[in-house]
Each structure stands twice: as C-alpha cells, then as structure tokens.
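What follows is one structure encoded as structure tokens, with my remarks underneath.
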Amino acid sequence: MLRTHTCGELRKEDAGKEVQLTGWVSRLRDHGGILFIDLRDRWGITQLVVDNKEEIYTQASRVRPEYVIKVKGVVKERPEGLVNPRLSTGDVEIVVKDLEILSSSLLPPFEIEGNKETDESIRLRYRYLDLRRDKVQKNLILRHQVAQLIRRFLSEKEFLEVETPFLTKSTPEGARDFLVPSRLSPGHFYALPQSPQLFKQILMISGMDRYFQIVKCFRDEDLRADRQPEFTQVDIEMSFIEVEDIIQLIEAMMIYVFKESLGVAVDPPFPRLSYHEAMEKYGTDKPDLRIPWEIDDLTELLGQEITSFSRGGNNFAVKALFLPQGEDFSRKKLDVLSERAKENSLSLSWVKGGGSSPLKNKLSEETWQGMVNKYPFGEKALLLLAWGERSNLLNFMGSLRFELGEEWIKDKKPFQFCWITDFPLVDWNEEENRWDSVHHPFTSPREEDLDFLDSHPEKVKSKTYDLVLNGYEIGSGSIRIHQMDLQRRIFNLLNLKEEEIEQKFGFFIEALQYGCPPHGGIALGFDRLIMLMSGESSIREVIAFPKTQKGVCLLTGAPAPVEEKQLEILGISLQKQKK
RNA sequence: GGGGUCGUGGUGUAGCCUGGCCUAACACGUCAGCCUGUCACGUUGAAGAUCGCGGGUUCAAAUCCCGUCGACCCCGCCA
C-alpha cells in the first residue's frame, strides 16, 4: 500500500505517529509562510501543514486542486482553538516531511468541493469528477450498504442468489424490448430481460424454493426522473407460500434495512389498501399516505342537481377534496384549477370556509346544507369539488391531492409505506379489442373470483400486491398460477393463440407441467428505493453512470454508430433515416 | 408522438418581458504578487463571454420572431 491510513481515519490518539497518506488535493490555503492542504479520499479529509522553513515547501506549493499526491508526515494534535469540529479528523493535522505528486490534474470544469449546483449535463459528461463529490458518493455508499443488507437478510432466510441470463428471449411483459442481434443465428435476436420473470418461476419448478437476485433489467421506454432504460431490481420468488408470506417477508426486510442503514424505525404493519380503495380515496394506485386528505364521493348527494345545470354523461361522478387549511387559495389560483379541469373535460368548483361558493345559488338549500354539514368547516377550510367522467375525474383529483399536498404538508413523516393489493386481473384494451393482463399472464386470480372469469373478467381480482413508499411504486408482485388448466383458461381469456403461446413461452408452459409448486414473488425497484432513502428526487442521483432523458450516456457517448463491417457480420443493413 | 422550463466567461446567476445608456454585471473558481494558523483563509491585481447554433425583423438584437440542437419536468408509453 502507498498509504498507512485513509484521510478519514486519524484521531487525537494517533498523535506522534509517522504516517503516509494519499489522496486528492481538495483545497489549498497558502499563507506565504505556511501552507495548508486539505487532502481528500473516499473516507474524508485530513489537513496537511507545510512550513516554509521545510525544504518540501517549494514542492508543496506546486500542487493544484485535484492533483493526486502522497505525503509522509507526523500526526500532530492541533493546538487549542485550532480544532475543526466539522471534520472527523479535525483534532489533528499532518506535518508534512515529504510530498510526492503522483499525478497532476487539469483544472476541473466545475468545482468539486461544496456540492455547488451544476448543470446536470456537465456533471454527467465528467461523471468521474462528479462522483468525487460528497453527495453522490454518499448515495453510492448507501446503495452498497442496502444491497449488502438485503443480501444478508435474504441469505439468512435461506434464499439463494441465482444469476439468470441477460441474453435471452423476450418475456411477456408489456414494455418494448432491447434487442441484441445474434451473429451465430443470422436474422435472430436475443432480448435483454425486462425482468427475470420466467426464469425465477422456472427456478421454483426446479425446487430452489427461495430465490433472489439483485439484477439489471432493461426496458426500451421513455425515461423519467424515476425511470432509466436499465435499472436494478431486487427480484424475489418463493415456493409454497401465500400473499401474506411475501408481505410479511418484505415488511421485515424493509424494517431491517431502514434500521441498519439509516437508523430509522419503520413501523409494521404497513397499511393495506385494495386497488379499488386506493383509486377511490386517493385517485392513484400509488398514494402518498403522508398527505392526510382523502377524496370523497359526493355523486349521490350532488349528482342529480349538478347534472341539471352542468354536463352529465357516462359514468358521471362528483368527487370532493376537503382542505382544512385551504384559506390561502386565491381566486386566481382557483381559476387556474378550474381551467385545468376544463382541459381534462371536467368541471371544478369550491366552497370557502365562510360559505362563499359559486355553487351556493345553483343548489337547493337542502343539498347545500347536506354538503356543508358533511365537513367540519372552519373559517380557513376549503372544499374543492369536481365532476365529470369517473376514471378521468379520479385521476384528476388524485393529481390535485398530490400536488397540493406536496406543497402544503411540510412536516411529513420521512417514510410512509403502504401495500396496494387485489389489482384487477385484466383490463380491456380498446385498440386491440381484447383483454390484457394488468400484471402479467402468469398472475393468479383470487379463487373467490374464478366464477367470473368467463362471464365478467373485469370483476376478477388477482393475487397481486404493490409496495408503495411516499407515492412511489417501489415493488410489485403476485402469486403465480401453478396449474396448467387454470393457465390455459387465462390464455383463452387473453385470446392468445396456441401458436403464439408456443412461440412466445412454450418452454415455460412445458416446464409448468412437470410439477410446479405454488409460488409467488415480488420485484423491488432498487434505484427508487435508494432514491427515496437518500432524499433525492431522481434515480440518476443514485446510479453511478446514468443516462439522459434521451437515453444517451454523456460520458461515453453511447449509443453510437457502428462500423459497416460489424453490421455485415450480423447480417444487418440499415434503413435510410426518414427526415 | 405531444405540452412545458431552461441554455449568458471554467461554474452558478443578473440582464431578456419594456431592443440603444451592454464597450455584458455579480459571486465562486483560475493565474500572479503579498501574507506563519487557516479550514468557504485574507488581501492587491490580472486574464477569461462571437450571450447554444442558424436564419429573420430592425438604423440597432443577449433582448423580438422563426427554425434547430441539447439538458430537465410532465402526458402518452412504461410496473
């Protein structure tokens, strides 16, 4: 080793020791007669002192920010009053006897110290410099710790980490695949896995009983702050279990992980909501329960009278959001909301605490009172009302609740988990004119709903569960079908042709017939989890080398054109790009 | 595919709406000098910007208009 200690290691007790340190020059303070260098590595910062009486001073004054240096020196306890309480090593400094410049550095395009706000494209282009910054390093350290904790937790519960292929066949999930052309089979393609879904189920059939993997998954869809084309899942599957077992396991794992990494106590059990309930109360399948407000249904009370002066239509509903402290809402702000409702083919109105409302004269006295009495109206309260087509309306109210809540509820709990269960098994695809799996085709319906499978598929609920944290979906899973006859019924429902089934996942159907244990599992979005744990609002902040919204890696320049020759070998010719 | 925000020395911003006083301001950083106890050192001075790019309007464009490129946020898409 070129060093005896790291830059975060030395303490008072080490005073007098001869040490050797290596690291990056973080800051320089040259007082003419005495020179201070802050030396930085992953572990911290240690102050070096060079006196101009020492020969080494000339050499030391040559260093510049981000130079990599090696110093020999003696640890000295700092005199009274010169201690820096902001550094873990602030009680000591190194009196430099020898200094070697291991490598110099160009002037960095942005300042490393201070985590100063910097344009993200510059940060990503010089990601190696950005990763020297404290903040991103902390995130990656947390990411590592959480990965280790998850591995330890699951290993202790006798889960096996098994690797599954990246070069594989398209899995039946909804997203677009990334394709990899095969040289040995011209005209054929591998797909990068959207998730190891079928492999983990096959591992259950193999008798592994408990499997997990912290694994990259690939989806060729548009990016968002919480979505990258390649992302990491904690993929889990178990045999001989029921919904409750997975929920218990994951709750215990989250409690363990949050306690051991952040020292934060998370309380079980996590609230559980059915999908239906979540949509009704919060207008979303990933509600942020830190916001206390719920959406109420006032269709019965107001529906009839409202349709007498306003548009009704199919699936008409009236929804309300009561804000006990909504007083600051200016007329202007309310008009903006009305405008937005209109853009969504909805109508919006309100009742202010004192009782002023554009609705007052339009409703009968009885209905008006019925509505006002429903709520504990104080002076400061505001009731927001909207009506129109039901699912559209719920969506709108959900985003309203989220936005206003984000803004107004300041002292939120840091972490609020919940489970969303019992998603519908299928939903109607208008374009394709058929039923689609909501989760995937191997999701088990609830036994009690099996009778509806042929008559009213939309009524069938599935054994599904999503884990939600602070309004983000961070996990999704289900109990799978383990019997061939039921699987066939689902394929029929989805209108999958025998040929299609055979071609897409015949290998899996075959496996299913060789003794498949009842099983189920879940996949956690690891990047999102770390993002929330570190308080970031983009997963790019917890990924070492993320891509831009256009899927470009600004560091390497990927994706990039390839040599004509490479394409030839693969038997690929390119179409002319249309302008 | 669509909607929106942004783009000004190395970095972060001001100026833009309401064109001319902009020969583009400020802070940080950089470079040079001075300084023996700083830790966001101080201090004196200096260098550094065709205002993303292209076109247009105008006597005159960082500023107005059109196009284009890039980054970000969102809808669609995606668990």
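Proteins come first, then strands; the chains are lettered A, B, ... in the order of their sequence lines, and each starts at number 1. As a basis for the values below, the full set of heavy atoms in this structure was taken, side chains included, without hydrogen atoms, waters or symmetry mates.
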Which whole-number value in Å describes the distance from Leu554(A) CG to C72(B) P? 7 Å
Do Ile474(A) and Leu532(A) come within less than 4.5 Å of each other through their side chains, counting heavy atoms only? yes
Can you check the distance between A79(B) and G2(B), where both ends of the measurement are the C1' atom (answer in whole Å)? 23 Å
Could you work out, with side chain to side chain contact (heavy atoms under 4.5 Å, CB included) as the rule, every residue matching Lys550(A), not counting sequence neighbours? Thr548(A), Val552(A)
Now, which nucleotide makes the Watson-Crick or G-U wobble pair with U68(B), with each of the two distances under 3.5 Å? G52(B)
What's the closest nucleotide to the side chain of Gln549(A) if the choices are C77(B), C78(B), C72(B)? C72(B)
Using atom CG of Asp222(A) as one end and atom P of G76(B) as the other, report the distance to the nearest whole Å. 11 Å
Taking the C1' atom of each, how far is U30(B) from G10(B), in whole Å? 8 Å
Nearest-angstrom distance, C1' atom, A40(B) to A60(B): 44 Å
Those residues of residues 114-126 of chain A lying under 4.0 Å from RNA chain B by at least one heavy atom: Lys116(A), Glu117(A), Thr118(A), Asp119(A), Glu120(A), Ser121(A), Ile122(A)
For a quick check, with a 4.0 angstrom heavy-atom cut-off, what is the B/S/- contact string for nucleotides 32-45 of chain B, read 5' to 3'? S--BBBBBSB----
Using 0.5 Å steps for rounding, measure from the OG1 atom of Thr164(A) to the NZ atom of Lys200(A). 10.0 Å
Taking the C1' atom of each, how far is C26(B) from A49(B), in whole Å? 14 Å
Using a 4.5 Å cut-off on heavy atoms from C-beta on, say whether the side chain of Phe110(A) contacts that of Asp119(A). no
Please, which pairs that meet salt bridge (Lys or Arg N to Asp or Glu O under 4.0 Å) have at least one residue in residues 525-535 of chain A, sequence neighbours excluded? Arg143(A)-Asp527(A), Asp226(A)-Arg528(A)
Can you name the residues that form a ring-ring contact (aromatic ring centres under 6.0 Å, His included) with Phe218(A), not counting sequence neighbours? Phe166(A)
Taking the nucleotide of RNA chain B with the nearest heavy atom to each, does Ala523(A) or Ala225(A) sit closer to the 5' end? Ala225(A)
Look at the side-chain N and O atoms of Lys550(A) and state whether any lies under 4.0 Å from the OP1 or OP2 oxygen of G70(B). yes
Which residues pass the side chain to side chain contact (heavy atoms under 4.5 Å, CB included) test with Asp91(A), not counting sequence neighbours? Lys12(A), Val83(A)
Whether the side chain of Arg227(A) and the base of C77(B) hold a donor-acceptor pair under 3.5 Å is what I'd like checked. yes
Can you sort out the partners of Asp177(A) under side-chain hydrogen bond (donor to acceptor under 3.5 Å, both in side chains), two or more places apart, ordered by chain and number? Ser170(A), Gln194(A)
Would you mind pulling out the nucleotide paired to C78(B), Watson-Crick or G-U wobble, both distances under 3.5 Å? none
Qualifying side-chain hydrogen bond (donor to acceptor under 3.5 Å, both in side chains) pairs with a residue from residues 79-89 of chain A, counting only residues at least two apart or across chains: none
Identify the nucleotide, in any strand shown, that forms a Watson-Crick or G-U wobble pair with A46(B), with both distances under 3.5 Å; if there is none, say none. U30(B)
Gap in Å between the two P atoms, one belonging to U8(B) and one to C72(B), rounded: 15 Å
Partner residues of Arg132(A) under the side-chain hydrogen bond (donor to acceptor under 3.5 Å, both in side chains) criterion, sequence neighbours left out: Glu66(A)
Please report, rounded to the nearest Å, how far the C1' atom of C74(B) is from the CG atom of Asn344(A). 13 Å
Just call it for Thr548(A): base, sugar-phosphate, or nothing, with non-hydrogen atoms closer than 4.0 Å on any strand. sugar-phosphate
Rounded distance in Å - CG (Asp436(A)) to P (C77(B)): 12 Å
Please report the distance, rounded to the nearest Å, between CD1 in Ile112(A) and P in G10(B). 17 Å
I'd like to know if Arg219(A) reaches the base of C78(B) with its side chain such that a donor and an acceptor end up less than 3.5 angstrom apart. no
Considering Watson-Crick and G-U wobble pairs with both distances under 3.5 Å, what does U18(B) pair with? none
Considering residues at least two apart in sequence or located in another chain, which fulfil the side chain to side chain contact (heavy atoms under 4.5 Å, CB included) criterion with Pro546(A)? Leu124(A), Arg127(A), Gln228(A), Arg540(A), Ile543(A)
Polar atom pairs (N or O), protein with nucleotides 47-53 of chain B, under 3.5 Å:
none

Looking at G37(B), which nucleotide sits across from it as a Watson-Crick or G-U wobble partner, both distances under 3.5 angstrom, or is there none? none
With P as the reference atom in both, quote the distance from G37(B) to C31(B) in angstrom, rounded to an integer. 22 Å
Report the C-alpha separation of Phe491(A) and Phe505(A) in whole Å, then their side-chain angles, then the decisive distance to 0.1 Å, and conclude whether the ring-ring contact (aromatic ring centres under 6.0 Å, His included) test is met. CA-CA 12 Å; Phe491(A) 284 154; Phe505(A) 29 79; 5.5 Å; yes
For C78(B), does either OP1 or OP2 sit under 4.0 Å from a side-chain N or O belonging to Gln194(A)? no
Whole-Å gap separating P (A79(B)) and CZ (Arg176(A)): 11 Å
Between atom CD in Glu221(A) and atom P in G76(B), what is the gap in whole Å? 12 Å
Integer angstrom distance from the P of C51(B) to that of U36(B): 45 Å
Nearest heavy atoms of Thr284(A) and Met279(A), plus distance in Å: C-SD, 3.5 Å
In whole angstrom, what separates Arg340(A)'s CZ from C75(B)'s P? 11 Å
Inter-nucleotide P distance (U50(B), U11(B)), Å rounded: 12 Å
OP1 or OP2 of C73(B) less than 4.0 angstrom from a side-chain nitrogen or oxygen of Arg540(A), does that happen here? yes
Residues that Phe508(A) engages under ring-ring contact (aromatic ring centres under 6.0 Å, His included), provided they are two or more places apart: Phe442(A)
